[in-house]
Chemist: 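My structure is below; once you've seen it, I'll send some questions.
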Amino acid sequence: MADRWVMLETSENSFEKFRWVWKIAFNSQEDVFKICWTEPVIQHISLLRERFVQLKLEDMIDFNSSYTFRLYEILITSIGENSYKNPKFSPEVLMEMMDVPESCLVYKTFRQRVLTTAVRELKVKVKRFEKLEMVEEKEKGKRKVIRLEFVGLS
């Protein structure tokens with residue numbers, strides 16, 4: 001087995017170094033692997049539910065656009081366990097979160113090329129988002145969009 005180590009910063013200028021795997025077993029008749037993690041890894045694995053959001057692979061498998069994937073990830077992370085929450089973002093923050101290219105940094109282009117396509121695809125391919133709508137909040141008395149709210153989430 002290759003030398004695989006994990007190094008974690010425990011405090012400023014202090015680190016722990018430990019192995020990932022304690023033991024690996026393979027049953028060739030049943031074609032099954034058994035992996036036994038080391039104790040420090042188990043401690044971190046047990047915290048995954050608290051620290052990370054679960055994304056459903058069956059929801060994402062058919063996405064045609066990487067921007068649909070990013071918007072799905074952003075919305076699921078923002079909602080968390082609270083499906084009653086309507087996530088809100090400034091266009092600039094959402095552009096940064098979705099890592100759009102410079103050619104899409106003008107809001108009109110971003111909305112046409114990225115957002116509209118991603119929202120449409122989410123509505124069609126993810127049951128939880130079938131009623132998803134994007135509401136634009138404009139600056140009072142002006143046409144500039146200052147906030148995007150995603151509503152209709154279940």
Side-chain angles (χ1 to χ4, degrees), residues 1-107 110-111 113-115 117-132 134-135 137 146-154:
M1 182 187 328
D3 251 356
R4 304 286 180 192
W5 293 90
V6 177
M7 189 185 297
L8 293 175
E9 186 173 1
T10 55
S11 63
E12 196 171 321
N13 299 323
S14 296
F15 295 90
E16 279 184 4
K17 183 178 175 184
F18 51 88
R19 294 189 182 276
W20 285 73
V21 176
W22 174 62
K23 178 173 79 172
I24 298 175
F26 175 67
N27 181 328
S28 60
Q29 291 176 338
E30 295 179 23
D31 204 21
V32 174
F33 276 97
K34 181 179 179 182
I35 299 174
C36 297
W37 304 105
T38 61
E39 184 62 34
V41 171
I42 291 172
Q43 291 172 9
H44 289 284
I45 290 173
S46 66
L47 297 173
L48 287 177
R49 272 192 193 254
E50 296 172 19
R51 296 185 179 170
F52 295 94
V53 174
Q54 291 181 336
L55 303 177
K56 294 183 178 181
L57 184 59
E58 65 267 14
D59 285 347
M60 303 178 302
I61 199 82
D62 291 329
F63 289 166
N64 295 321
S65 167
S66 62
Y67 297 120
T68 304
F69 174 82
R70 286 293 300 137
L71 184 58
Y72 172 85
E73 182 181 34
I74 290 164
L75 292 176
I76 292 292
T77 302
S78 298
I79 297 167
E81 299 296 319
N82 306 312
S83 59
Y84 58 84
K85 201 161 95 174
N86 292 334
K88 298 176 186 178
F89 308 95
S90 72
E92 296 78 19
V93 167
L94 193 56
M95 287 179 207
E96 186 178 326
M97 291 171 79
M98 293 182 76
D99 197 27
V100 296
E102 282 189 38
S103 61
C104 293
L105 291 180
V106 172
Y107 177 72
F110 172 62
R111 186 185 70 221
R113 291 187 186 170
V114 177
L115 275 183
T117 305
V119 168
R120 187 178 321 118
E121 190 170 12
L122 284 174
K123 288 174 73 164
V124 170
K125 296 185 177 179
V126 181
K127 184 174 173 82
R128 181 176 187 178
F129 293 141
E130 62 191 4
K131 295 178 183 174
L132 177 65
M134 182 181 65
V135 178
E137 182 184 325
I146 57 170
R147 191 169 350 285
L148 297 165
E149 181 176 9
F150 293 89
V151 298
L153 305 167
S154 58

Chemist: Just one of I35, T38, V41 clears the side-chain contact (heavy atoms from CB on, under 4.5 Å) bar with W22, so which one?
Modeler: T38
Chemist: With rounding to the nearest 0.5 angstrom, report the OH to CG distance, Y107 to L105.
Modeler: 13.5 Å
Chemist: Between P91 and R147, which heavy-atom pair has the shortest distance, and what is it?
Modeler: CD-N, 4.0 Å
Chemist: How long is the straight-line distance from CG of L148 back to CG of N86, given to the nearest 0.5 Å?
Modeler: 13.0 Å
Chemist: Of all the heavy-atom pairs spanning L75 and P87, show the shortest one and how long it is.
Modeler: CD2-CG, 4.0 Å
Chemist: Using the side-chain contact (heavy atoms from CB on, under 4.5 Å) definition, which of the options S66, P101, C104 pairs with V114?
Modeler: C104
Chemist: Taking the inter-plane angle between the rings of F26 and F33 on a 0 to 90° scale, is it parallel (under 30°), tilted (30 to 60°) or perpendicular (over 60°)?
Modeler: tilted
Chemist: More than 12 non-hydrogen atoms from neighbouring residues, nucleotides or ligands closer than 6.0 Å to CD on E149, yes or no?
Modeler: yes
Chemist: Supply the atom-to-atom distance S90 OG to E137 CD, rounded to the nearest 0.5 angstrom.
Modeler: 11.0 Å
Chemist: Distance from Y72 atom OH to R128 atom CZ, nearest 0.5 Å?
Modeler: 7.5 Å
Chemist: Would you find more than 12 non-hydrogen atoms of other residues, nucleotides or ligands less than 6.0 Å from N27 atom CG?
Modeler: yes
Chemist: Just how far is it from atom CZ of R120 to atom NZ of K123, taken to the nearest 0.5 Å?
Modeler: 9.5 Å
Chemist: Does the side chain of I76 reach to within under 4.5 Å of the side chain of F129, using non-hydrogen atoms?
Modeler: yes
Chemist: Looking at every heavy atom in both F150 and M134, which two are closest together, and how far apart are they?
Modeler: CE2-CG, 3.9 Å
Chemist: Output the distance between atom CE (M95) and atom CG (L115), rounded to the nearest 0.5 Å.
Modeler: 8.0 Å
Chemist: Mind telling me whether W37 and W20 have parallel, tilted or perpendicular rings, with 30° and 60° as the class edges?
Modeler: tilted
Chemist: Nearest heavy-atom pair of F110 and M98: which atoms, and what distance?
Modeler: CZ-SD, 4.0 Å
Chemist: How far apart are the closest heavy atoms of A118 and L71, and which atoms are they?
Modeler: CB-CD2, 3.8 Å
